[in-house]
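In what follows, chains carry the letters A, B, and so on, assigned in the order in which the sequence lines appear, proteins first and then strands, with residues in each chain numbered from 1.
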Amino acid sequence: MDKVKNTEELKVLQSTLRKAAEEAASSKVVIKIAMATCSIASGSKPVLDFFKEEMPRQPLEFIIKSTGCTGLCHSEPTVEVTLPGKAPVMFGHVDVKKAAAIVNDYIKGGKPVEGTVEVCRS
Amino acid sequence: MKAQQLKIALRNCGFIDPEEIQDYIANEGYLALASSLSGSRQAVIETIKKSGLRGRGGGGFATGLKWEFAAKPEADRKFVVCNADEGDPGAFMDRAVLEGDPHSVLEAMAICGYAIGADEGYIYIRAEYPLAIKRLRIAIAQAEEAGLLGENILNSGFSFKIKLKYGAGAFVCGEETALIKSMEGHRGEPVSKPPFPATKGYRGKPTNVNNVETFANVPAIINRGADWFAAIGTEKSKGTKVFALAGKVKKVGLVEVPMGTTLRQLIYEIGGGILGDKQFQAVQTGGPSGGCLTVKHLDTPIDYESLIAAGSMMGSGGMIVMDEDDCMVAVAQFYLDFTMEESCGKCVPCREGNKALYNILHKITHGEGTMADIDRLKELAVVIKSTSLCGLGQTAPNPVLSTINNFYDDYVQHIVDKKCRAKRCRALLEYRVVEENCIGCGACKRACPADAITGELKQKHFIDQEKCIKCGACHQKCKFNAIAID
């Protein structure tokens with residue numbers, strides 16, 4: 001990344017990045033996988049690998065992000081999926097099998113998958 | 001209305017990629033640093049003072065005032081230190097922030113450096129947090145590359161560098177003077193204050209030490225204003241507090257609630273209630289330095305003063321919920337075991353006193369206590385609290401005192417009846433065969449490592465109490481509910 005030279009440049013960069021993120025969210029499937037120590041311990045790494053392998057095979061534009069702790073220890077590993085123009089949905093206790101269901105049923109089919117978790121977004 | 005979480009320190013945790021500085025910048029990242037650099041140093045300190053932010057590491061000292069103390073002295077070098085030596089059993093707030101949003105801490109440290117006139121910062125982090133260390137390293141490198149840390153940040157003339165210092169996971173190093181000693185390469189032992197680190201800290205220079213969560217609040221306060229922050233919480237405790245909700249609660253997790261939320265709201269509304277819908281017995285706040293609160297304290301609002309008045313403390317944010325199956329005497333013994341191990345050994349009251357406390361508790365949980373021991377516990381506890389050198393010793397007896405105050409009957413039961421209601425204290429248990437259920441299968445006899453069980457096949461079996469080592473193997477093996485624990 002180039003050096004940010006002053007406050008003005010930082011503000012411009014911030015709004016550019018923000019717009020890019022919003023545009024991406026409106027046209028792409030955004031998949032966020034919690035990858036904190038606790039998430040990894042409960043098995044999120046194979047889930048992340050699964051999405052990284054499986055999503056390129058789908059005729060969809062997508063972004064996969066690994067995030068920090070969602071605070072939802074009781075439901076780790078957690079995966080948050082945002083379909084274009086839809087509200088984000090958080091899935092809990094995701095293993096590779098459930099990840100496959102999320103791809104096939106929710107991402108491709110738009111059908112609900114069981115085991116969603118309520119999240120605080122304030 | 002159901003209690004809600006409010007995320008300030010955790011605002012980005014779980015939402016952004018901690019290894020991408022662009023994600024942080026897109027979410028107002030480093031704007032607080034930019035706006036701080038465009039104003040005066042005093043203005044930054046005033047904002048923090050006005051916000052009412054208090055230290056989230058446990059003590060609750062006013063952060064703005066602390067910054068002001070470190071800003072005052074003239075010195076050729078000053079330091080900003082981030083205390084990431086999180087060591088309370090069951091607490092993981094700081095780890096979550098560092099792993100999920102490392103840039104918020106880096107940005108806040110730079111803001112603090114500008115405010116107090118320091119150009120060097122250190123994060124004292126325990127080596128047991130490898131992922132947090134890795135993400136911090138990535139974050140520092142990215143921020144330096146982007147010119148948001150390092151020389152002449154945003155062309156303001158202000159420079160700030162951050163380095164990591166690793167701790168070996170000693171609980172006492174969470175105490176700021178011990179932490180500084182450890183940073184300097186000495187044994188992690190506290191020294192008496194004054195002089196405070198603000199005048200004579202790391203390498204003898206003015207040093208400001210704040211906890212990870214305290215720092216994580218700073219950029220949000222600068223961006224949204226002191227009034228916004230001060231409007232959240234109670235009269236004396238502003239903003240929110242992150243808790244690591246653990247133990248016998250349905251939704252264990254990391255939660256952030258406005259100050260003033262009650263323990264009941266936190267445990268039942270946000271935590272979903274007690275696991276298996278059992279009876280709530282106690283909640284331990286403040287880690288090994290805090291106390292156990294009971295049903296009568298459930299409506300206590302969570303703020304620094306109320307928790308102290310109730311006989312516990314805010315602490316760094318560990319919150320362990322206990323149900324009817326937990327033995328409170330054993331809990332006190334567990335915490336004493338921890339503080340006894342973690343005592344640095346420098347001062348006598350802490351080194352010897354806590355060991356003596358532990359030995360008495362051990363006697364009680366093994367059925368060898370006397371009623372006079374309760375008075376001895378109390379007397380010792382008061383002496384240790386009033387004569388120890390640092391916070392570790394001064395607070396170590398708290399779990400003992402609070403359990404004696406709130407669960408006196410449990411102590412009496414262990415001492416007089418030689419029984420443990422929760423069936424946790426092994427030495428006080430008695431395993432016996434329930435004759436009407438025993439079919440004489442012999443499973444218990446085969447499982448017993450002490451040859452304490454006798455009985456012919458298809459005949460009632462018998463446990464010899466003299467030989468029984470109370471391991472519970474027979475109870476686990478029996479499929480017919482024929483082994484009872486008294």
Checking B/Glu19 now: which residues fulfil side chain to side chain donor-acceptor pair (under 3.5 Å) with it, not counting sequence neighbours? B/Arg135
B/Val255 versus chain A, heavy atoms under 4.5 Å apart: side chain, backbone, both or neither? neither
Contact part of A/Ile40 toward chain B, heavy-atom cut-off under 4.5 Å: side chain, backbone, both or neither? side chain
Can you tell which part of A/Ala21 gets under 4.5 Å to a heavy atom of chain B, answering side chain, backbone, both or neither? neither
Atom group of B/Gln142 that falls short of 4.5 Å from chain A, counting heavy atoms: neither
B/Ile21 portion near chain A, given a 4.5 angstrom heavy-atom threshold: side chain
Pick from B/Gly253, B/Gly29, B/Ala146: which one has the most heavy-atom pairs with chain A under 4.5 Å? B/Ala146
Determine the option with the most heavy-atom pairs under 4.5 angstrom with chain A, choosing from B/Ser156, B/Gly272, B/Gly147. B/Gly147
Under 3.5 Å, sequence neighbours excluded: what are the donor-acceptor pairs made by side chains of residues 86-99 of chain B?
residue: B/Glu86; atom: OE1; partner: B/Asp94; partner atom: N; Å: 3.4
residue: B/Glu86; atom: OE1; partner: B/Arg95; partner atom: N; Å: 3.2
residue: B/Glu86; atom: OE1; partner: B/Tyr129; partner atom: OH; Å: 2.7
residue: B/Glu86; atom: OE2; partner: B/Met93; partner atom: N; Å: 2.9
residue: B/Glu86; atom: OE2; partner: B/Asp94; partner atom: N; Å: 2.7
residue: B/Asp88; atom: OD2; partner: B/Ser316; partner atom: OG; Å: 3.3
residue: B/Asp94; atom: OD2; partner: B/Asn211; partner atom: ND2; Å: 3.1
residue: B/Glu99; atom: OE1; partner: A/Thr37; partner atom: N; Å: 2.8
residue: B/Glu99; atom: OE1; partner: A/Thr37; partner atom: OG1; Å: 3.4
residue: B/Glu99; atom: OE2; partner: A/Thr37; partner atom: OG1; Å: 2.4

Does either side chain, that of B/Thr261 or that of B/Gln4, offer a donor lying less than 3.5 Å from an acceptor on the other one? no
Show me the pairs that pass side chain to side chain donor-acceptor pair (under 3.5 Å) and involve residues 40-67 of chain A, at least two apart or across chains. A/Lys45-A/Asp49, A/Glu53-A/Arg57, A/Glu54-A/Arg57, A/Glu54-A/Gln58, A/Gln58-A/Lys108, A/Lys65-B/Asp23
Residues of residues 1-18 of chain A within contact distance of chain B, non-hydrogen under 4.5 Å: A/Met1, A/Asp2, A/Lys3, A/Val4, A/Lys5, A/Asn6, A/Thr7, A/Leu10, A/Lys11, A/Leu13, A/Gln14, A/Leu17, A/Arg18
Heavy atoms from other residues, nucleotides or ligands near NZ of B/Lys250 exceed 12 (cutoff 6.0 Å): yes
Between B/Phe160 and B/Tyr114, is the ring centre distance below 6.0 Å? no
Result of checking B/Ile222, B/Thr47, B/Val44 against B/Ser35 for side chain to side chain contact (heavy atoms under 4.5 Å, CB included): B/Ile222
